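Here's the structure we're looking at; comments come further down.
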Amino acid sequence: MTTSEYLLVAPVQPERRSNLYWLISDSWVMSKRSIMHIVRSADQVLSLILFPIMFMLLNRYVLGGAIDTGEVSYANYLLAGILVQTLAFGANYTTINLAVDMKEGIVDRFRSLPMSDGALVIGHIAADMVRNVISGIIIVLIGFAVGFRPNASAIEWLYVIGLSMLFTLAISWLSAILGLVVKSLEAAQWAGFVLIFPLTFISSAFVPTETMPRVLRAFAENQPMTHTINALRSWLVDTPMGDAAWLSAAWSIALIVISIPITSYLFRRYSTTSQ
Amino acid sequence: MDGNPSNVAENAIVVRNLQKSFKDVEVLHGIDLTVRRGSILALLGPNGAGKTTTIRILSTLLPPDGGEAYVNGYDVVKQDCDVRASIGLTGQFAAVDGYLTGEENLMMLARLYRLSHADAKRRTRELLEQVDLVDAARRPVKTYSGGMKRRLDLAMSLIAAPPIIFLDEPTTGLDPRSRLSMWAMIKNLANNGATILLTTQYMDEADHLADWIVVIDEGRVIAEGDANTLKSRVGSEHVDLIISRNSNFMLAQQAVDGYQLQASAEERILTIAANDGAVTLKRILQHLEDAEVEVESLTMRRPTLDDVFLFLTGDGANGAHREKEEIER
């Protein structure tokens with residue numbers, strides 16, 4: 001070990017910038033960190049690739065033959081459903097990764113820095129966006145391989161991408177709340193499942209809602225995942241749109257607006273209750 | 001002026017009557033501390049004494065319930081941002097990111113400490129050298145050994161060259177060699193002007209590093225002073241007696257009742273304070289002979305901080321409780 005001088009180095013001065021600049025800068029630093037985690041962790045990469053493929057193939061070939069989707073082929077019907085399901089499950093990584101950070105010493109390190117409060121959560125959510133873009137591309141590609149034949153225009157594809165990202169953002173913020181609330185890593189893992197699984201099944205993801213019992217059907221047709229799925233499906237394969245796009249966007253924006261203050265409250269509260 | 005420590009120039013940390021409870025459990029019952037600039041203060045105590053809670057309050061991770069605390073002249077509650085810009089914290093568990101390399105960890109921290117890109121690069125290079133991690137700089141941290149992680153952890157808290165450094169049990173779980181190198185680094189920091197508040201359960205660590213030792217137990221300061229002062233409180237000479245047979249141990253304890261400091265029945269060791277050396281020793285041996293207890297061996301030695309600690313916290317010593325009450329009064 002060298003005995004180089006500690007305080008005799010040229011003094012380091014923090015840069016002086018506005019709070020907004022630091023929020024963006026800190027969030028960028030934390031996003032790079034979380035995105036690096038995707039690349040460096042084999043299980044994240046695997047699940048990113050395997051889950052969409054598995055769900056697509058199972059639904060298309062095991063269930064697909066027995067489901068009547070009318071004039072639309074099942075491959076065309078299914079794609080929007082699998083896409084939204086995968087986006088929602090992908091957000092579970094925000095819950096898990098945030099829970100891991102909170103349990104380990106590193107959150108104390110971040111909290112003892114003069115950094116912006118929201119940056120840690122924003123970093124995980126940015127990683128979610130990256131993960132979901134990758135998953136989304138894989139789903140569309142595998143979709144083509146199993147018979148998905150969209151007739152969307154370039155503009156419609158842009159709508160699809162935009163609404164998917166907005167939806168991802170909303171689910172990620174919700175997942176951040178879960179990540180701050182759960183007491184253990186195991187809880188983080190199943191909390192996402194318990195929430196997302198029923199939501200995707202009681203929706204128009206895999207089957208038309210018409211055949212469901214009345215109460216289920218009422219729920220299925222008025223929850224945000226169905227709106228999002230219907231909107232994407234309409235753009236991709238020309239099923240009826242109705243108000244789906246607006247409703248989906250409204251839901252997502254509402255969820256984000258509600259989740260952000262809750263997340264920052266929980267993040268601060270965390271410190272005051274833990275030893 | 002009331003509230004603000006008058007001599008910020010001299011004292012880096014001033015704590016008055018600090019209190020904290022978690023739900024119904026009172027963890028800190030009014031801690032007082034003063035850490036002089038450029039010195040090393042060791043907070044010595046067993047698990048659950050309130051060491052980590054104290055560090056967490058001083059590093060703004062926890063709000064106190066009562067009392068005052070100033071770090072670098074800033075109030076830890078009202079001026080928490082200024083406090084955070086003045087400190088480096090190395091927690092009990094290495095707060096490093098396993099997926100990133102050592103270099104990436106340091107760069108990340110430097111940017112979060114708001115150094116310019118050029119400064120960040122320079123400090124990263126300097127610190128990797130200082131903690132001897134240049135060769136491992138480009139490897140993911142999860143491949144590091146425990147000692148390497150701790151050194152990186154320390155380097156991360158030094159990124160912005162903070163004037164005040166908190167180290168929470170910096171050597172817990174390290175092998176002896178890593179421990180020595182950590183000690184050398186801590187000494188080096190203090191020699192170069194940093195103020196260090198560290199916690200430890202190891203007396204030899206406090207003895208080796210600290211200019212001033214504060215012993216806490218159950219959320220109270222039970223003694224403070226430099227290592228020599230603390231040691232002299234339990235007498236200048238100690239005698240370890242090994243009693244020949246287990247069955248005689250109780251008898252022996254009764255015989256030396258007034259002198260006894262510690263007793264370990266399993267090892268048959270009685271530790272006795274012999275302040276006036278041979279005179280006391282002669283008397284003790286006489287007592288034991290009268291009680292017909294055979295002594296297997298006898299060693300005279302200087303007290304260690306372990307003795308001080310056990311004596312003050314009352315683990316096993318008869319006199320300790322008396323001593324503790326005296327201090328509280």
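This one's a predicted model, so the numbers in the text were calculated from it and none came from an experiment.
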- Check step by step if side-chain contact (heavy atoms from CB on, under 4.5 Å) holds for A:Met36 and B:Asp97. CA-CA 11 Å; A:Met36 210 89 86; B:Asp97 190 316; over 6 Å; no

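Both the backbone and the side chain of B:Thr101 have a heavy atom closer than 4.5 Å to some heavy atom of chain A. Residue B:Val83 does not touch chain A at all, counting heavy-atom pairs closer than 4.5 Å. For a residue to count as touching a neighbouring chain, one of its non-hydrogen atoms must lie under 4.5 Å from one of that chain's; by this rule B:Asp80 does not touch chain A. B:Met156 touches chain A through backbone and side chain together, each having a heavy atom under 4.5 Å away.
Atom CH2 of A:Trp157 is surrounded by more than 12 heavy atoms from other residues, nucleotides or ligands within 6.0 Å. Heavy atoms from other residues, nucleotides or ligands lying under 6.0 Å from NZ of B:Lys121 number 12 at most. Annotation for A:Asp43: atom CG counts as buried by contact number, over 12 foreign heavy atoms lying within 6.0 Å.
Taking 4.0 Å as the cut-off between side-chain N and carboxylate O, A:Asp108 and B:Arg56 count as a salt-bridged pair.
Residues B:Tyr99 and A:Arg40 come closest through the heavy atom pair O-NH1, 2.8 Å. Residue A:Ser112 comes nearest to B:Leu61 through the heavy atom pair N-CD2, 3.9 Å, listed as atom of the first residue, atom of the second, then distance. The two residues A:Leu113 and B:Arg84 have their closest heavy-atom pair at O-CD, 3.3 Å.
Each ring pair (Phe, Tyr, Trp, His ring centres under 6.0 Å) pair with one or both residues in residues 147-193 of chain B, not counting sequence neighbours, appears once here: B:Trp183-B:His208.
For the atom pair CZ of B:Arg111 and CE of A:Met115, the computed distance is 13.0 Å after rounding to the nearest 0.5 Å. Here the CE atom belonging to A:Met30 is positioned 6.0 Å from the CG atom belonging to B:Leu112, to the nearest 0.5 angstrom.
The shortest distance between side-chain heavy atoms of A:Arg109 and B:Asp153 falls below 4.5 Å. Side-chain contact between A:Tyr21 and B:Arg114 is absent, with no heavy-atom pair separated by less than 4.5 Å. Taking 4.5 Å as the limit, every side-chain heavy atom of B:Ser59 sits out of range of all side-chain heavy atoms of A:Arg111.
Proximity to chain B among residues 119-139 of chain A is not found for any residue, judged by heavy-atom separations below 4.5 angstrom.
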